[in-house]
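Notes follow once the structure below has been shown.
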Amino acid sequence: MSNTLFNLQRDHLAHLQRAYSDILVAQGLDSLAIYSGHASYHFADDQAATFQTYGHFMHWVGLANVQHSWLVIKPGERPQLYLYAPADFWHLPTNLPEEPWVAEFDVHLSSNKITPPITGHAAVIGDIQQLETSTQQAIKAEYQPAALVNALDELRMFKTAYEIACLREANRLAIAGHQAAQAAFIGASAELDIQLAYLGASRQRESDVPYQNIIGLNNHAGVLHYQHYSLQPPKQRHSLLVDAGRRFRGYCADITRTHAGPDAPHGFNDLIIAMHGLKDALVKSTGPSVEFVALHEQMHQQLGEILIAHDLFKGSVNEAISEGVTRAFCPHGLGHSLGLQVHDVAGLRHPDGSSAPAPALHPALRLTRTLRAGMVVTIEPGLYFIPMLLAPLRKTSLPINWALVDALIPCGGIRIEDNVLVTANGFDNLTP
Ligand code: GLY
Ligand code: MN
Ligand code: MN
């Protein structure tokens with residue numbers, strides 16, 4: 001790892017020290033305990049589900065698989081890291097990496113599961129409901145106070161130079177996976193083989209992905225969170241949609257690419273090119289003071305133009321929007337905040353922590369903020385042929401080219417997704 005990154009990480013930790021001190025003082029708190037969380041076992045089994053460390057814990061330590069551990073933060077004092085490190089011959093013992101950031105913490109290794117040593121007026125955050133009742137009762141602290149959690153979420157919204165470097169590297173690694181996935185598609189692979197090619201080239205095991213990769217061939221590309229990997233290649237190859245990421249030091253990439261196959265109907269590849277153009281236009285419109293809801297509405301406007309230009313809709317853009325045509329072709333939001341969680345915190349809150357819900361017409365939008373320098377967001381316009389959403393439109397007399405829609409249904413849909421930093425003067429696309 002480069003010294004530059006380590007220096008940035010030291011600055012990141014100094015920033016957290018200052019910001020946490022200010023927040024704790026403002027909340028009248030003497031100490032804060034943050035629980036890492038731990039993996040849950042399947043019912044009546046000794047096997048556990050995949051796990052991800054609580055985001056506010058990861059914000060400090062950058063490790064996505066720390067369990068049964070605590071951080072104790074007090075204003076103006078060094079952070080205390082209580083790391084669960086049992087003597088265990090079944091598993092490799094817990095060990096912190098030999099990296100400079102560790103020296104910024106007082107590290108306490110413990111072979112027992114501890115109760116965090118908090119003092120004074122204290123708060124505790126994290127999923128402590130997983131803990132034994134006696135441990136929960138021994139923690140004399142306010143649990144998950146909303147004002148505190150909102151302030152810590154707001155802190156996560158603005159990325160430090162270290163976090164931006166991590167997000168950029170996560171993107172670089174993920175793109176290697178996307179290139180391998182495309183090559184596997186050209187080689188007529190099954191969804192599972194495309195997934196394995198992606199994991200191999202992006203150098204990660206499946207339990208480490210920041211979200212379950214979406215690898216959809218043909219009509220599966222139109223299932224927004226398609227969750228299977230078929231074992232057999234289809235006889236015909238119309239399309240491939242890959243929505244897949246990578247974690248780097250806790251930080252997530254979230255990238256989508258769509259490819260036309262050799263059996264794609266006429267016009268599908270042109271639509272993919274148009275959607276890349278739409279993504280690029282929306283990225284260029286990203287910048288400080290931009291309302292994300294307005295950017296989402298710009299997506300619908302330009303999607304309406306694409307539907308008309310590609311002969312899918314024979315009315316006006318206004319009609320496409322007001323009659324819900326663009327919403328039927330793209331039912332999800334333009335994007336979301338990205339960081340230690342793929343759908344990162346604070347997207348639906350104002351800076352003061354009050355609620356900023358999605359507009360009624362766009363309930364799936366996960367980000368309603370005014371963009372500011374330091375935010376990292378996804379820009380992910382989509383255009384899908386989802387029979388369930390198109391069915392109500394078929395009952396209307398709207399001028400939709402149903403013959404063309406029906407020809408495109410076997411392609412499922414198109415999504416193009418990049419990860420974009422808002423800068424003081426505009427944007428920086430982190431996706432190479
Ligand atoms: N990968 C999920 C999303 O794009 O939000
Ligand atoms: Mn995605
Ligand atoms: Mn996304």
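Whatever order the structure lists ligands and atoms in, that order sets their numbers, starting from 1. Fair warning: this is a prediction, and the values are worked out from it, not measured in the lab.
- One side chain, H56 or R156, offers a donor N or O that lies under 3.5 Å from an acceptor on the other.
- In this model, no donor atom of one side chain and acceptor atom of the other lie less than 3.5 Å apart for S316 and N318.
- Using modelled atom types and a 3.5 Å distance limit, the side chains of H343 and Y211 yield no donor-acceptor pair.
- For the pair Y229 (side chain) and Q195 (backbone), a donor-acceptor distance under 3.5 Å is absent.
- Of all the N, O or S atoms in E380, the one closest to the Mn ion (ligand 3) is OE2.
- Between E380 and H336, the side chains place a donor N or O and an acceptor N or O closer than 3.5 Å (distance only, hydrogens not considered).
- With a cut-off of 2.8 Å, the Mn ion (ligand 2) has an N, O or S atom of D243 in range.
- There is a side-chain donor-acceptor pair under 3.5 Å between Q298 and S285.
- Checked against the Mn ion (ligand 3), the N, O or S atom of D254 at the shortest distance is OD2.
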Show me a pair-per-line table, with atom names and distances to 0.1 Å, of protein N or O atoms that are under 3.5 Å from an N or O of ligand 1.
from     : atom 1 : to   : atom 2 : distance (Å)
ligand 1 : 1 (N)  : D243 : OD1    : 3.2
ligand 1 : 1 (N)  : D243 : OD2    : 3.0
ligand 1 : 1 (N)  : D254 : OD1    : 3.1
ligand 1 : 4 (O)  : D243 : OD2    : 3.3
ligand 1 : 4 (O)  : D254 : OD1    : 3.4
ligand 1 : 4 (O)  : D254 : OD2    : 3.2
ligand 1 : 4 (O)  : E380 : OE1    : 3.0
ligand 1 : 4 (O)  : E380 : OE2    : 3.4
ligand 1 : 4 (O)  : E417 : OE1    : 3.2
ligand 1 : 4 (O)  : E417 : OE2    : 3.2
ligand 1 : 5 (O)  : H336 : NE2    : 3.0
ligand 1 : 5 (O)  : H343 : NE2    : 2.7

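- A donor and an acceptor atom, one from each side chain of Y226 and E191, are located under 3.5 Å apart.
- Closest to the Mn ion (ligand 3) among the N, O or S atoms of E417 is OE2.
- Neither side chain, H38 nor D127, offers a donor N or O lying under 3.5 Å from an acceptor on the other.
- Using a cut-off of 2.8 Å, one finds that H336 contributes an N/O/S atom close to the Mn ion (ligand 3).
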